[in-house]
Structures are given as C-alpha cells and as structure tokens.
Amino acid sequence: MSKKWLLAITLGTALVSGQAFAEDKLRVGTEGAYAPYNYVNDEGKLAGFEIDLGNEICKRTNMTCEFIQNKWDSIIPNLLAGNYDAIMAGMSITDERKKSITFSDEYKPVDPSLYLVKKGTQLDFDKLEGKSIGIQGATIQDGFAKEKWGAKNTLKSYEKADQSLADVMAGTVDVVLADGEFVRTAVAGSNGELEIVGPKEMIGGGIGIGMRPDDTKLHEKINTALAEIKKDGTLETLTKKYFTEQK
Amino acid sequence: MLEMLPHWLTDWLGPDGMASLAYITNGKHLSWYASVRYTLIAAGFGAILAVFFGLLGAAAKLSKFAPLRWIGDIYTTMVRGIPDVLFLLFFPLAFEQGVEYVMAQWYCKPEELATATGWPLCSNAQWYLSTTEYMVLACFSLGIVYGAFAANVIYGALKAVPKGQLEAAHAFGFPSRDVFWRFQVRQMWVYALPGLSNVWLLLLKATSLLSLLQITDIVSWADRLGAPNYSPLAGLVHGDWRWKYYLVLFVFYILLTWLSEKFFAYLQARAGRGMARAN
C-alpha cells in the first residue's frame with residue numbers, strides 16, 4: 001500500500017507543479033475600486049476597461065487571464081512578491097515607480113487630473129489656503145498635491161478613491177484631486193451634486209502594465225500584443241466603450 | 001432565482017420592491033453574505049484556541065514549579081495589555097518574517113545573503129500569504145489574545161472550587177493528577193462560564209478586524225458595497241450608503257450576541273448539574 005501511495009503522491013506533485021509552472025496563465029493584479037478602469041460589478045465579478053483589455057491581451061498571447069483583487073497600497077509589493085505577474089490598475093508610468101518595476105508601453109495616454117467639489121463650492125486656485133484636499137494614498141496626485149498645496153492646506157489621504165467621493169459629498173473635505181476619467185465618471189453619475197473646478201493638472205505619464213523587472217519575456221509578449229491591439233483599432237473600441245473623453 | 005417567487009408575493013412587493021429584492025440578491029451581495037464564513041470560522045477556531053491557551057496559562061499559573069508560574073504570569077499580563085488590533089497586525093507579520101528568515105538560511109545562496117539589503121533576503125525566501133494562511137494566523141492571534149483573558153478567568157475559577165472537595169478526593173486516595181482533572185477542572189466550569197462568556201463576546205467583536213489582514217470579510221464587503229458608485233457600467237448608481245450596510249452589521253453582531261447568551265445559559269445549566277446550590 002505504501003508504495004502505491006508514494007507513487008500517487010509523486011505523480012500528484014508532478015502534475016500540480018507542472019501546472020504551476022506552465023506559462024499559459026497570466027495572473028493580473030488589480031484594485032477593483034476605480035471605475036471605469038476596474039471595479040466589481042453587480043454580479044460580484046471584476047470588470048472594467050482593464051479587465052477587457054487584459055483578456056484581449058491574453059487571447060492574443062494564448063494565455064488565460066486570472067484577475068486578482070489587491071489593495072492599492074500593497075499592489076506593487078505583492079507583484080514583487082510573486083502574488084501575480086502583472087498590474088493593470090490605472091497605474092501611471094512614473095520614474096519613481098520605474099525604480100522598482102517595469103512598465104509595458106502605455107495603453108492609455110496621459111489624462112490630466114481634475115479637481116472635484118460639491119456643486120457650488122467656490123475655490124480660488126491662485127491662492128488656495130486652509131482647505132482640506134482629498135487624495136488617494138500612494139498615487140501620482142498624492143505626491144503632486146503634497147508639493148503644490150501641502151504647505152498651506154491639509155491633505156487627507158484615502159486608501160480607496162471612492163471613500164474620498166463619499167467625504168466630498170458629506171463635506172468632510174473641500175476638494176478631491178483624482179484621475180481625469182475617474183472624476184468625470186463621478187460627476188456624470190452624481191445627479192448634478194458634484195462638479196469639476198479649477199485647472200487641469202498634467203501629472204504623470206500614460207497608463208501602462210506593471211511587471212517585475214526580470215520578467216523580460218512577458219514584457220516582450222505583452223508589448224507585441226499591445227501593439228497589435230492598438231493597430232487594429234481594438235483599443236480604440238474599448239476606450240470608447242468605457243471612457244467619456246478620448247485622447 | 002426571483003422568478004420562482006409566488007405571484008401573490010411579487011404582486012405585493014410591486015416593481016420597486018422587486019427591484020430592491022433583485023439588488024440585495026445580486027452576485028455582489030451574495031458574496032457579502034457568503035463572507036460571513038470568515039467571521040464564523042475565526043470566532044469558532046479562535047474560541048477553541050483561546051480555551052486551549054487559557055487552560056495552559058491557568059495550569060502554568062497554578063504550577064508548583066516557579067519558572068512555569070512566571071511564564072503564566074507574563075503571558076496573562078503582557079498579552080492582556082496589548083490592544084487586539086496591534087496584536088493582530090504584529091503576530092502574523094512577525095510570524096511571516098520569522099518563517100522567511102528561516103527559509104532564507106535554507107534557500108538563499110551565501111552571496112545573496114551577504115548582499116541582501118531589503119526584505120525578503122532573496123527571491124526564493126518569499127512566503128506568500130493567501131486568505132487561507134491569513135485565516136489560520138488570525139485564528140491563532142485571536143486565540144492567543146483571548147486565551148490570556150481566559151487563562152485569568154480559568155485561574156480564578158480553579159481557585160474557587162471549594163478546598164474541601166479536593167481534600168476529600170485526596171482522602172479517597174485519588175492521585176494528584178486525577179484530583180486536578182476530575183475534580184478541580186470538572187467543577188471549575190460553573191465558576192468560569194460567566195467570565196468565559198464575556199471573553200467569547202469580546203472575541204466575537206474582534207472578528208470585525210479580519211479585514212486588517214486582507215481578508216474580504218463582512219466588514220470590507222460592507223465598505224465596498226456602501227461606497228458611492230457613479231458609474232452605471234459598474235451597477236446601480238447610488239451615493240454614500242455605507243451607514244446602511246454598517247447598520248446591517250450592527251444587527252448581525254447583536255443577533256450573534258443574543259444567540260451566544262442563550263447558548264451560555266444552556267451551558268451554565270448543564271455545567272451546574274449535580275452541584276450543590278445555595279438557593
């Protein structure tokens with residue numbers, strides 16, 4: 001009996017490890033709380049622009065995509081830890097992030113960040129003082145707002161972007177600075193309760209897929225697929241489906 | 001699923017009622033209801049471990065061997081003084097990094113160890129924690145923290161067992177071990193249960209901290225579902241509904257507390273069988 005068991009276990013392990021190392025699966029980390037880039041839909045499944053795009057990339061590279069939801073603030077550490085192989089989470093390509101991970105070519109060009117307030121709030125952006133400004137932690141807006149407004153205003157950092165929306169509605173923060181499309185989506189759906197004010201801030205690069213620096217093979221594969229998707233118009237179709245403004 | 005409802009019910013609910021019913025039974029909400037399992041598992045296993053650590057701690061505090069007594073005292077004083085939130089953050093992290101340190105000695109090349117600057121020490125010494133591992137660590141954290149409270153309760157209860165009972169057992173020639181397990185421990189439950197029921201209720205409340213360990217429990221789902229949604233693509237557009245979802249959690253926890261009280265009353269009656277009573 002023991003010999004049979006040994007055989008079964010050996011075979012079982014071989015099978016399992018064989019599957020684990022097979023290259024036909026791409027595990028993608030995403031936040032699931034940043035509509036329209038990525039969100040959890042009413043069926044309880046991850047959906048959005050990046051989920052569709054990711055599946056398209058997988059289709060063209062003969063892989064199957066598995067999306068893994070991860071909190072924003074630990075999304076880079078968990079990529080490096082091997083929890084997943086790529087990040088698609090509306091992440092802007094920045095020099096700061098390039099120190100720890102590499103990026104694919106961009107799949108969404110720079111979209112200026114926008115200021116969002118409760119309807120009727122008057123703000124003087126030439127001399128903004130004593131205001132509380134909401135931003136999502138560890139984002140490009142976070143760094144930018146600290147530098148530009150940090151000295152004379154209070155910054156309130158949120159773990160998730162939608163918490164900042166709830167607080168601007170409740171009047172807990174005066175203004176929120178966030179990604180352009182995220183703000184436009186919020187305003188469009190807020191039934192006239194929110195509006196966009198002030199300047200457009202050109203921060204960060206375009207949005208790309210984050211990968212581990214030593215994953216050069218995957219990097220090449222993804223860039224080839226992305227180029228194809230851009231060339232045949234699929235990216236444009238997807239962008240039109242999810243975004244109100246195309247650039 | 002909703003098509004299976006009888007006509008009189010759908011008529012009575014009307015289109016608005018049916019829409020609400022469809023909303024609270026959509027996939028997102030079903031995942032929320034299903035996530036109750038994390039809370040119940042953590043509470044259940046946490047409690048079992050708490051009683052286990054409690055018995056060990058109490059036995060250590062009662063020991064005739066001084067160093068054991070010190071360990072028992074240090075355990076109950078120290079762990080009771082640490083906030084459960086801190087312990088829940090500290091213990092899993094410390095355990096993970098401890099394991100990774102051992103893995104590093106095993107799997108890393110010497111030159112990697114020599115040049116390592118960050119953590120983990122090399123890419124092979126990386127232990128990835130999924131929800132399952134976090135659940136195990138959460139159960140142990142809860143068990144250790146509330147075990148310290150339970151140890152004190154059990155220690156007091158063991159001392160509350162009338163001396164005469166134990167002396168009589170000795171007089172009948174029972175060995176010390178039997179006197180402890182079959183007389184002292186057997187009778188202490190009556191004294192310990194009211195205290196243990198308090199510890200259990202505290203532990204139950206502490207299960208709301210599971211989301212700190214990246215476990216998508218009922219609290220993090222309530223957070224997600226209640227957060228405002230302005231994108232029609234993502235489902236029903238609504239403002240900040242978090243208070244509604246938190247209110248449901250309040251009711252859920254109060255319901256659990258009420259059930260626990262019933263259960264402990266039953267246990268108390270059971271443990272008191274055949275015991276002399278003053279009234």
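Everything numeric in this text was worked out from a predicted model, so none of it was measured. When reading the values below, keep in mind they use all heavy atoms of this one structure, side chains included, and skip hydrogens, waters and symmetry mates.
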For [X], does the [atom1] atom have more than 12 heavy-atom neighbours from other residues, nucleotides or ligands under 6.0 Å away?
| X | atom1 | value |
| --- | --- | --- |
| Phe87(B) | CZ | yes |
| Tyr101(B) | OH | no |
| Tyr107(B) | OH | no |
| Phe263(B) | CZ | no |
| Phe45(B) | CZ | no |
| Glu96(A) | CD | no |
| Phe252(B) | CZ | yes |
| Phe90(B) | CZ | no |

Shortest non-hydrogen separation from Lys71(A) to Ser211(B) and the atoms involved: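 Looking at all heavy atoms of both residues, the closest pair is NZ-O, 3.6 Å.
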Where Ser74(A) and Gln214(B) come nearest, the two heavy atoms and their spacing: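 Heavy atoms of Ser74(A) and Gln214(B) come nearest at OG-NE2, 3.4 Å.
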From CZ (Arg224(B)) to CD (Gln69(A)), nearest 0.5 Å: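 Going from the CZ atom of Arg224(B) to the CD atom of Gln69(A) covers 4.0 Å.
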From OG (Ser220(B)) to NZ (Lys160(A)), nearest 0.5 Å: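 That separation rounds to 7.0 Å.
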Note, Lys45(A) side chain near Lys28(B) side chain (heavy atom, < 4.5 Å):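 Lys45(A) does not reach Lys28(B) side chain to side chain.
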Most chain B-contacting option - heavy-atom pairs closer than 4.5 Å, from [options]:
| options | value |
| --- | --- |
| Ala170(A), Ala188(A), Gly44(A) | Gly44(A) |
| Gly32(A), Ala166(A), Ser190(A) | Ala166(A) |
| Asn83(A), Asp162(A), Leu165(A) | Asn83(A) |

Which portion of Ala33(A) sits near chain B, non-hydrogen atoms under 4.5 angstrom: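 No part of it gets close to chain B.
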Residue part contacting chain B, namely of Ala47(A), when any heavy atom lies under 4.5 Å: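 For Ala47(A), neither part sits under 4.5 Å from chain B.
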Per-residue contacts, residues 227-239 of chain B versus chain A, heavy atoms under 4.5 Å: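 Residues Ala227(B), Pro228(B), Tyr230(B), Ser231(B), Leu233(B), Ala234(B), Gly235(B), Leu236(B), Val237(B) are the ones that qualify, each having a heavy atom under 4.5 Å from chain A.
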